[in-house]
Amino acid sequence: MSDEIFREDASYVKEQYATSKNLDKRIAIYRYSVKTASDEGWWPWVFKQFEIGERAKVLELGCGPGHLWQENQAKLPDWELYLSDLSEGMLATCQANLQSLKGVEFLQIDAEEIPFADNSFDAVIANHMLYHVADRPKALGEIARVLKANGKLYATTVGERHMGELTVLVNAFRKEPANFRLGFILENAGGQLEPFFKDIDILESPGLLRIPDLDVIVDYVLSAPPLSPDEGQLAAFKGHVKAVLEKEAYLDVQTSQGIVKATKA
């Protein structure tokens, strides 16, 4: 499986993110995090990376369920905040989760065609979503266009080593090994941003998941069809993971996530 499914198969992305169901299953695995670069947790760590003034106009693309803002609501400055997602269902979930957050505008937006004038925003945030965009150069050009002079892009993504042990484990039960590399990761983000941005800074927050729960592991891999074992091999996969957990009590999986910061060129 090449990374093309994440970049160009719009029907896959639409189905995957019609609601937050699949994403929620993948997020659930992180409850077993035992080591990160920061003791404060992922979303507080991401928020701490923002260098945005106290009064600013901020757009998030691919806001998902809104966990970034749920976990940092008490720290929010006086920002004019626009939260957007391509998925109507995901956007509805975000709006429900952030009912207590006032003065926010929720919008259904395609990152390739951002419906705002040039030089509109002080910052654009894109969390774990740029690898899903079919025409990424077009989207990056749109982001740069709507940013003000010296405006900032903050994009989180995964690294090449992310969930490597889990991918190897699943591949043992697939007829064709899954190539789970994505089109926009920490290792290749800089080159993609260079035509549009300057002062590119990439920070990794590596971690470790120690997972004792068979159902959480199975739910995670089944929520991501490119990674999932073939239906005929699913029972064997479950049996193998169960045996590992009975012997070791948990499955160790390394994570590699981080943030890319860039300034409009």
Can any side-chain N or O of [X] pair as donor or acceptor with the backbone N or O of [Y] at less than 3.5 Å?
{"X": "Glu187", "Y": "Glu160", "answer": "yes"}
{"X": "Glu142", "Y": "Ile114", "answer": "yes"}
{"X": "Lys264", "Y": "Ala144", "answer": "yes"}
{"X": "Ser205", "Y": "Gly258", "answer": "no"}
{"X": "Thr255", "Y": "Gly207", "answer": "yes"}

Residues [X] and [Y]: side-chain donor-acceptor under 3.5 angstrom:
{"X": "Lys198", "Y": "Thr263", "value": "no"}
{"X": "Arg136", "Y": "Gln192", "value": "yes"}
{"X": "Lys75", "Y": "Asn72", "value": "yes"}
{"X": "Thr157", "Y": "Gln257", "value": "no"}
{"X": "Thr156", "Y": "Asn127", "value": "yes"}

Review point. So is Arg210 actually on top of Tyr250's ring, under 6.0 Å and inside 45° of the axis?
Key: yes
Point to revise | NZ/NE/NH1/NH2 to OD/OE distance under 4.0 Å, Arg145 and Asp118 | key: yes
[Y] and [X], any side-chain heavy atoms less than 4.5 Å apart:
{"X": "Trp42", "Y": "Glu71", "answer": "no"}
{"X": "Gln70", "Y": "Leu98", "answer": "yes"}
{"X": "Trp79", "Y": "Val104", "answer": "no"}
{"X": "Val253", "Y": "Leu208", "answer": "no"}

Study note, to complete from the structure: For residues 48-67, the ring pair (Phe, Tyr, Trp, His ring centres under 6.0 Å) pairs (sequence neighbours left out) are Phe47-Phe50, Phe50-Tyr154
Practice item. Give a yes or no on whether the ring-centroid distance for Tyr82 and Phe106 is below 6.0 angstrom. Key: no
Point to revise | Ring center gap for His132 and Tyr17 short of 6.0 angstrom | key: yes
List the atom of [X], the atom of [Y], and the distance in Å for their closest heavy-atom pair.
{"X": "Pro65", "Y": "Asp24", "result": "CG-OD1, 4.3 Å"}
{"X": "Leu245", "Y": "Leu214", "result": "CD1-N, 3.5 Å"}
{"X": "Gly183", "Y": "Tyr131", "result": "N-CB, 4.2 Å"}
{"X": "Asn188", "Y": "Ile185", "result": "OD1-N, 2.9 Å"}
{"X": "Val170", "Y": "Ser228", "result": "CG1-C, 4.1 Å"}
{"X": "Ala262", "Y": "Leu193", "result": "CB-CD1, 4.2 Å"}

Review point. Any idea how His162 and Tyr30 line up, ring-wise: parallel (<30°), tilted (30 to 60°), or perpendicular (>60°)?
Key: parallel
If hydrophobic clusters are built from ILVMFWY residues whose side chains come within less than 4.5 Å, do [X] and [Y] share one?
{"X": "Ile125", "Y": "Leu76", "answer": "yes"}
{"X": "Val133", "Y": "Leu186", "answer": "yes"}
{"X": "Trp69", "Y": "Trp45", "answer": "yes"}
{"X": "Leu86", "Y": "Phe116", "answer": "no"}
{"X": "Phe196", "Y": "Leu153", "answer": "yes"}

Check your understanding: Taking only residues at least two apart or on different chains, which pairs with a member in residues 87-112 satisfy side-chain hydrogen bond (donor to acceptor under 3.5 Å, both in side chains)?
Key -> Gln73-Ser100
Review point. When rounded to the nearest 0.5 angstrom, what is the spacing between CG in Leu59 and CG in Leu83?
Key: 8.5 Å
Practice item. Please test Arg55 against Glu80 for salt bridge (charged side-chain N to carboxylate O under 4.0 Å, His left out), starting from the C-alpha separation and ending with a verdict. Key: CA-CA 8 Å; Arg55 297 182 64 84; Glu80 188 178 342; over 6 Å; no
Revision key, fill the gap. With sequence neighbours left out, the residues meeting side-chain contact (heavy atoms from CB on, under 4.5 Å) with Glu54 are Pro77
Exercise for review: Quick one: do Lys148 and Asp122 satisfy salt bridge (charged side-chain N to carboxylate O under 4.0 Å, His left out)? Show the steps, please.
Suggested key: CA-CA 6 Å; Lys148 297 176 183 178; Asp122 298 286; 3.4 Å; yes
